[in-house]
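Owing to the predicted nature of the structure, the values given are computational and were not obtained by experimental measurement. Ligands are counted one by one from 1 in listed order, and the atoms in each one are counted from 1 as well. Both backbone and side-chain heavy atoms feed into the values below; hydrogens, waters and symmetry mates do not.
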Amino acid sequence: MKLYINGQRKIGTRDSMIYGHFIEHFHRQIYGGVYDPDNPLSDEDGLRMDVLEAMRKIKVPILRWPGGCFVSSYHWKDAVGDNRRPFFDKAWRVEEPNSFGTDEYIRLCRKIGCEPYICANAGTGTAEEMSDWVEYCNLEYEGRYAKWRIANGCPKPYKVKYWSVGNENYGFWEIGAKSAEEWSRLVAESSKMIKHVDPDTELTAAALTDLDWNIKLLKSSAQFLDWISIHEYWDGIHQTNDYADYEAVMAYTNQTEHSIAEVRGLLTAMKLDKKIKIAFDEWNLRGWYHPNVHTVEQGRTKKDYLYPRDKNDDNSKYTMADAVFTACFLNVLNRNCDIVGMANFAPIVNTRGCIYTYKEGIVLRSTYHVFDLYVNYMGDVVLDSWCGDMEMMCVRNKVGEPEETAVLDIVATAFSGQAGYAVAVVNKSEAEAKKLEINLETSGDVRMYYISGESTESYNDIDREEIAIECEELGTYIPGMEITLKPHMVGVIQIGV
Ligand code: AHR
């Protein structure tokens, strides 16, 4: 196959926030995940130092918190100051101790070096409660909530720039679900109040690829919004935990762009595509396993709805299928960097996250290394590239139907601050190496950084590392140079870097 790269034609410069992450008060993401005060591996703030280091290595640019469904009955005032009040989290049907709240979260973001991004309660919450939260975080001293922050030992405002009105309030499963009419009114009033507190905030609101919902939302609130939020989990196994196999996951790579295309079309039609960007602020190949909660009939015993959540911790399930899919989706975000300004992998720690914690350490799952490759080896200027003779392969999707999909998934980039090029190449073939001829007017040394594993089922676990970034020196670049791509491989080819 022949790849042509036009080093002069820029698609755009991607925002580093497309490599963002999400962490929710669910299962072991916070408690026993990043926040583990009794663990000797934790620092003076109770934060796991090994987790912080791993987050810093992939340069987490933004961290969305505290939910997700959790937030839709969460009251932030119960989780700041001296008198933390535990509450029954009706979203996940567990007691939330509230020992990790806004101040702890901000300390976490400062230690990672990332932007905070707070999703506010538009389920049982009010416009006033949401805007009070912004007062607490962003006002110098005016009013009761800034003074409360100061009394809690934080004299300077946190200046949280990114805020979301609500989570998935369109869904029947969400506490405080809303109709499109109710939603558009609530978002308008909440956004107005938040902007009155701090006009420098950038606001988003939950949306989906439903025209009626989005048209009503944008008609009522576009003047206040800077972003529109969409979510997607392709292998939706939250009720069944029946993982799509490698071949079915490759079929899912045919569905990675439709949500962006549909929302882009609507924003363009409403002449909002220059004002509002897409925040793909929850995404992952696999839905989280939490049976009998996102259902009308709730689980009656903890065996029905709570204990099964531990099955998200099975590291053997996070294989090269997850890595290949994740790279294909990051390629989509790069190719759409003109309209997608943020994306948040859901989540970062435990559940389906790229970092798994256990008492004595962490496991970096396959997807972690994909973020490492894209954040630390790819450029930020996305270039026009095409492969005229792309091979197709036939795979069976999860319901057994045959689908065709391109064997390779490629994005070419340059660097805004230095010479050289970096090309992300994904070989989706389960068993076949592929040869790729690269045509680009440039020179310099060629190195390929990649992960592939011995098989599609390779995975990392405690005392088991089957997937790690390897480097292949490929000599001096000459136009038309042919490079061999291993099967089920995610790689970044650097030229002249
Ligand atoms: O499965 C986790 C949930 O997925 C998040 O809490 C919610 O935002 C989405 O429905």
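For atom 2 (C) of ligand 1, the closest non-hydrogen atom of the protein is W288 CE3, 3.1 Å. Nearest non-hydrogen protein atom to atom 8 (O) of ligand 1 is E282 OE2, 2.6 Å.
Near N167, with a cut-off below 4.0 Å to any heavy atom, the atoms of ligand 1 are 7 (C), 8 (O). Close contacts between ligand 1 and Y233 involve ligand atoms 4 (O) [criterion: under 4.0 Å to a heavy atom]. Of all the atoms in ligand 1, the ones that sit under 4.0 Å from a non-hydrogen atom of H294 are 10 (O). Annotation for ligand 1: atoms under 4.0 Å from non-hydrogen atoms of E168 are 7 (C), 8 (O), 9 (C), 10 (O). Close approach of ligand 1 to E24 is summarised as follows: ligand atoms under 4.0 Å from at least one heavy atom of the residue are 5 (C), 6 (O). Ligand 1 places these atoms under 4.0 Å from at least one heavy atom of W92: 6 (O).
Heavy atoms of H290 found under 4.0 angstrom from ligand 1 belong exclusively to the side chain.
Relative to the ring axis of Y356, R365 does not place its NZ or CZ within 45° and under 6.0 Å from the centre. Taking the centre and axis of the six-membered ring of Y233, the NZ or CZ atom of R286 falls outside the cone set by 45° and 6.0 Å. The cationic atom of K317 (NZ for Lys, CZ for Arg) lies less than 6.0 Å from the six-membered ring centre of Y243 and within 45° of the ring axis.
At a cut-off of 3.5 Å, with distance as the only test, no side-chain donor of K161 or Y117 sits close to an acceptor on the other residue.
One finds no salt bridge joining K398 and D245 here, because no Lys/Arg side-chain nitrogen approaches an Asp/Glu carboxylate oxygen to under 4.0 Å.
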side-chain hydrogen bond (donor to acceptor under 3.5 Å, both in side chains) evaluation trace for N312 with H27: CA-CA 9 Å; N312 290 288; H27 200 231; 5.1 Å; no

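Residue-to-ligand polar distances place C69 within reach of ligand 1: an N/O pair is separated by less than 3.5 Å.
Annotation for E466 and Y459: closest pair OE1-N, 2.9 Å, computed over non-hydrogen atoms.
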